[in-house]
J.: 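I'd like to ask you about the structure that follows.
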Amino acid sequence: MRILIREVKNHLDSEVEISGWAQNIRIMSSVLFIELRDVSGTVQGVLLKKGNEELFDSLKTIPRETVMSMEGQAVKSQAKIGYEVQIKNLEILNKSETPLPLGVVDKIDSDIETRLENRYLDLRRPEKLSIFKVQSTIANSIRDYFVQQGFIEIHSPKIVAAATEGGTELFPVKYFERNAYLSQSPQLYKEIMMSAGFDRVFEVAPAFRAEEHNTPRHINEFTSIDMEMSFVNDDDVMDVLENVIKVAGQSIAESNERELEILGVSKPSLDYKFKRISYSEFVKMANQRGIKLKDGEDLSTPVLKTVGGEINEFYFITRWPRELKPFYVQPFDEEYSRGFDLQFGELEITSGAQRVHSPEVLVNNLKNKGLNPESFSFYVNAFRYGMPPHAGWAIGLERLTMVLLNISNIRETTLFPRDRTRVTP
RNA sequence: GCCCCGAUAGUGUAGCGGCCUAUCAUCCGAGUCUGUCGAGCUCGGGACACGGGUUCAAAUCCCGUUCGGGGCGCCA
């Protein structure tokens, strides 16, 4: 029965069977070592030539990254990790071709381009695996938290009709005899669920944006963690968001000690209150730093870098100008809205808001934004027959992973990134 | 979409008019070495993105194409 490599140390002085990839084979005249790797770690197998001549010679020409299974005695030894497996039986399950398009254990770092082209090899490296183990923890801890808080997990359609929010470019798809689009966000649907009386919902699903951006923080398909709650305001859902981030940080600290060590990242320490800085205060902060910025202007990347870059923690930017936020964001007063962003330093992690719940205000907002309320009837109608006040937000899973692991390119936290020029693998 | 920068063995690089039948490392192959762990040592293998131009001479300079990187814009 095959065991995981990290379990070998619990079976010293007994027979074990392990399977994995031969990441390095060191051959001496009378003894050879095979470093075997599986999802849990690595261990070396040893084979003395004496008494095993045939097997010994056949292993001399085995390429790196060949998949094999070995049986033998697990023993304490002078190996660096303190133990090894004395090979008795070895079965080649699948030979690797050579040379490798990308060395898994080479000392040379490859370009991200080469790594993405050969992602299956790149992901064999423990650091890359670790990123996605952590991402799994993040997603699951958030999901658990929501379920615990009485949220209902929903799955909204990803193929949508022409009319959406405006603004973002959409990917067109052929829908039989009609044109449709890939969904940019579950926004309208999760709001409709409030009208449906589900009270609190969440969804973890892909979102598609056909923007031709080319930055280390944008991709065209990402995983959006969305939530929406009824009978709450913007401050309430900011509280929930702060908890969610802290829960995720806590779960990583508890479950991914080894991965953090491999990545050389310290445990997230989030035991501080997330600051809530109003948009207008943020503008003042920029002005104090010599940046010419008027109240009402959008916060550009350089502004966020200068001001946000100084704040090396999570913080909210609240009360954005209505002008800068979408039609479904609830006004705070004539000028400002109940929309907010969660930032980490310069990076936007989340966008959220208390939403408009009055159909009249909604229709008015649509018109003001130059959109035709008629095209949104499927959505607006849900407001006509009893829509509760509600609020919600959406986090980019990949961006959250970047922040918690201090990774600077979103492609690193995406298994198979879709960017301006990449659709494969 | 705009502005910079880049493309040399499987991988990562040096070279930036003649010294280049192109450097180094890794890798691959052959051999050697009684326990290595970035194994060591010896020998061998493998590359100038594509198209055009300038020049006696181009990896090197110029133009175009393709692809990539960075910055910005766009971006619920």
J.: Please give, in whole Å, the distance from rC37(B) C1' to Y83(A) OH?
T.: 14 Å
J.: Would you measure the distance from the P atom in rG38(B) across to the matching atom in rU13(B) and give it in whole Å?
T.: 24 Å
J.: Expressed in angstrom and rounded to an integer, what is the separation of R399(A) atom CZ from rC75(B) atom P?
T.: 13 Å
J.: Can you check the distance between rA47(B) and rA57(B), where both ends of the measurement are the P atom (answer in whole Å)?
T.: 25 Å
J.: Within the structure provided, determine whether L404(A) and F344(A) are in side-chain contact (heavy-atom separation under 4.5 Å).
T.: no
J.: Less than 4.0 angstrom from a charged side-chain N to a carboxylate O is my criterion; do R217(A) and E348(A) meet it?
T.: no
J.: Contact class for D298(A) vs. all strands (heavy atom < 4.0 Å): base, sugar-phosphate, or nothing?
T.: nothing
J.: Taking atom P of rC67(B) as reference, at what distance in whole Å does atom CD of E117(A) sit?
T.: 13 Å
J.: Could you check R322(A) against N365(A) for side chain to side chain contact (heavy atoms under 4.5 Å, CB included), going step by step and ending with a plain yes or no?
T.: CA-CA 10 Å; R322(A) 289 169 63 175; N365(A) 274 193; 4.0 Å; yes
J.: What is the distance, rounded to the nearest whole Å, between atom CD of Q343(A) and atom C1' of rC75(B)?
T.: 13 Å
J.: Could you work out the separation of rA25(B) and rG45(B) based on their P atoms and round it to a whole Å?
T.: 15 Å
J.: Distance between the P atoms of rC50(B) and rA9(B), in whole angstroms?
T.: 10 Å
J.: Does P302(A) reach a base, just sugar-phosphate, or nothing at all? Heavy atoms under 4.0 Å.
T.: sugar-phosphate
J.: Can you tell whether the side chains of R125(A) and D106(A) come within less than 4.0 Å, N to carboxylate O?
T.: no
J.: Does this structure show an ion pair linking R2(A) with E91(A), if we count only N-O contacts that are shorter than 4.0 Å?
T.: no
J.: Expressed as a whole number of angstroms, how long is the span from L32(A):CG to rU32(B):P?
T.: 15 Å
J.: May I ask you to evaluate whether R26(A) reaches the phosphate of rC37(B), defined as a side-chain N or O under 4.0 Å from OP1 or OP2?
T.: no
J.: In the strands shown, is rC33(B) matched to any nucleotide by a Watson-Crick or G-U wobble pair with both distances under 3.5 Å, and which?
T.: none
J.: Identify whether the distance between the nearest side-chain nitrogen and carboxylate oxygen of R276(A) and D239(A) falls below 4.0 Å.
T.: yes
J.: E212(A) near the nucleic acid: base, sugar-phosphate alone, or nothing, with a heavy-atom cut-off under 4.0 Å?
T.: base
J.: Looking at R420(A) and E212(A), does any basic side-chain N land under 4.0 Å from a carboxylate oxygen?
T.: yes
J.: Considering only rC28(B), rU11(B), rG68(B), which nucleotide approaches the side chain of T114(A) most closely?
T.: rU11(B)
J.: Using purine N1 to pyrimidine N3 plus N6-O4 or O6-N4 for Watson-Crick, or N1-O2 and O6-N3 for G-U wobble, both under 3.5 Å, which nucleotide pairs with rA14(B)?
T.: none
J.: What nucleic acid atoms does K305(A) come within less than 4.0 Å of, heavy atoms only: base, sugar-phosphate, or nothing?
T.: sugar-phosphate
J.: Is the distance from OP1 or OP2 of rU34(B) to the nearest side-chain N or O of S29(A) less than 4.0 Å?
T.: yes
J.: Go through the N and O atoms of the side chain of Q78(A) and the base of rU36(B), and report whether any donor-acceptor pair is under 3.5 Å.
T.: no
J.: For rG45(B), what is the paired nucleotide under Watson-Crick or G-U wobble rules, both distances under 3.5 Å?
T.: rC27(B)
J.: What integer number of Å spans the C1' atoms of rA58(B) and rG68(B)?
T.: 24 Å
J.: Side chain of P101(A) only, heavy atoms from C-beta on: which candidate in rU36(B), rC74(B), rG10(B) is closest?
T.: rG10(B)
J.: Does R422(A) place a side-chain N or O at less than 4.0 Å from the phosphate oxygens OP1/OP2 of rG68(B)?
T.: no
J.: Taking CG from N118(A) and P from rU11(B), how many angstroms apart are they, rounded to a whole number?
T.: 8 Å
J.: How is E84(A) classified with respect to the nucleic acid when contacts are heavy atoms under 4.0 Å: base, sugar-phosphate, or nothing?
T.: base
J.: Hunt down the Watson-Crick or G-U wobble partner of rG68(B), both distances under 3.5 Å, from any strand shown, or write none.
T.: rC5(B)
J.: With a non-hydrogen cut-off below 4.0 angstrom, is T215(A) in contact with a base, only sugar-phosphate, or nothing?
T.: base
J.: Does N214(A) have a side-chain nitrogen or oxygen under 4.0 Å from the phosphate oxygens OP1 or OP2 of rG68(B)?
T.: no
J.: Rounding to a whole Å, what distance do you find between I25(A):CD1 and rU36(B):P?
T.: 18 Å
J.: If you only use heavy atoms from C-beta on, which nucleotide in rC37(B), rG10(B), rG69(B) is closest to the side chain of Q44(A)?
T.: rC37(B)
J.: Would you measure the distance from the C1' atom in rU8(B) across to the matching atom in rA49(B) and give it in whole Å?
T.: 10 Å
J.: What contact category does A79(A) fall into here, base, sugar-phosphate, or nothing, at under 4.0 angstrom with non-hydrogen atoms?
T.: base
J.: Counting only distance, no hydrogens or angles, is the base of rC75(B) paired donor-acceptor with the side chain of H213(A) under 3.5 Å?
T.: no
J.: Strictly by Watson-Crick or wobble contacts shorter than 3.5 Å, is anything paired with rC74(B), and which nucleotide is it?
T.: none
J.: More than 12 foreign heavy atoms under 6.0 Å from NZ of K284(A): is that the case here?
T.: no
J.: Output the single nucleotide from rU36(B), rC75(B), rC27(B) whose closest atom is nearest the side chain of F33(A).
T.: rU36(B)
J.: Nearest to the N409(A) side chain among rG70(B), rG68(B), rU26(B), which nucleotide is it?
T.: rG70(B)
J.: Is any side-chain nitrogen or oxygen of S30(A) closer than 4.0 Å to OP1 or OP2 of rG35(B)?
T.: no
J.: Given that R420(A) and T301(A) both sit by RNA chain B, which one's nearest nucleotide is further toward the 5' end?
T.: R420(A)
J.: Taking the minimum atom-to-atom distance to the side chain of M28(A), which one of rA39(B), rU11(B), rC74(B) wins?
T.: rA39(B)
J.: Contact class for I27(A) (heavy atom, under 4.0 Å): base, sugar-phosphate, or nothing?
T.: base
J.: Provide, to the nearest angstrom, the distance between the CD1 atom belonging to I34(A) and the P atom belonging to rG35(B).
T.: 17 Å
J.: If we take the C1' atom in both rU23(B) and rC16(B), what is their distance in whole Å?
T.: 14 Å
J.: Students often get this wrong, so: under 4.0 angstrom with heavy atoms, is D109(A) touching a base, only sugar-phosphate, or nothing?
T.: sugar-phosphate
J.: When the C1' atoms of rG46(B) and rU21(B) are considered, how many whole Å apart are they?
T.: 14 Å
J.: Any idea which of rC37(B), rC27(B), rC74(B) is nearest the E211(A) side chain?
T.: rC74(B)
J.: It should be established whether N24(A) places a side-chain nitrogen or oxygen under 4.0 Å from OP1 or OP2 of nucleotide rU36(B).
T.: no
J.: Using a strict 4.0 Å threshold on nitrogen-to-oxygen distance, state whether E35(A) and R64(A) make a salt bridge.
T.: no
J.: For K80(A) and rG38(B), is the shortest distance between a side-chain N/O and OP1 or OP2 below 4.0 Å?
T.: yes
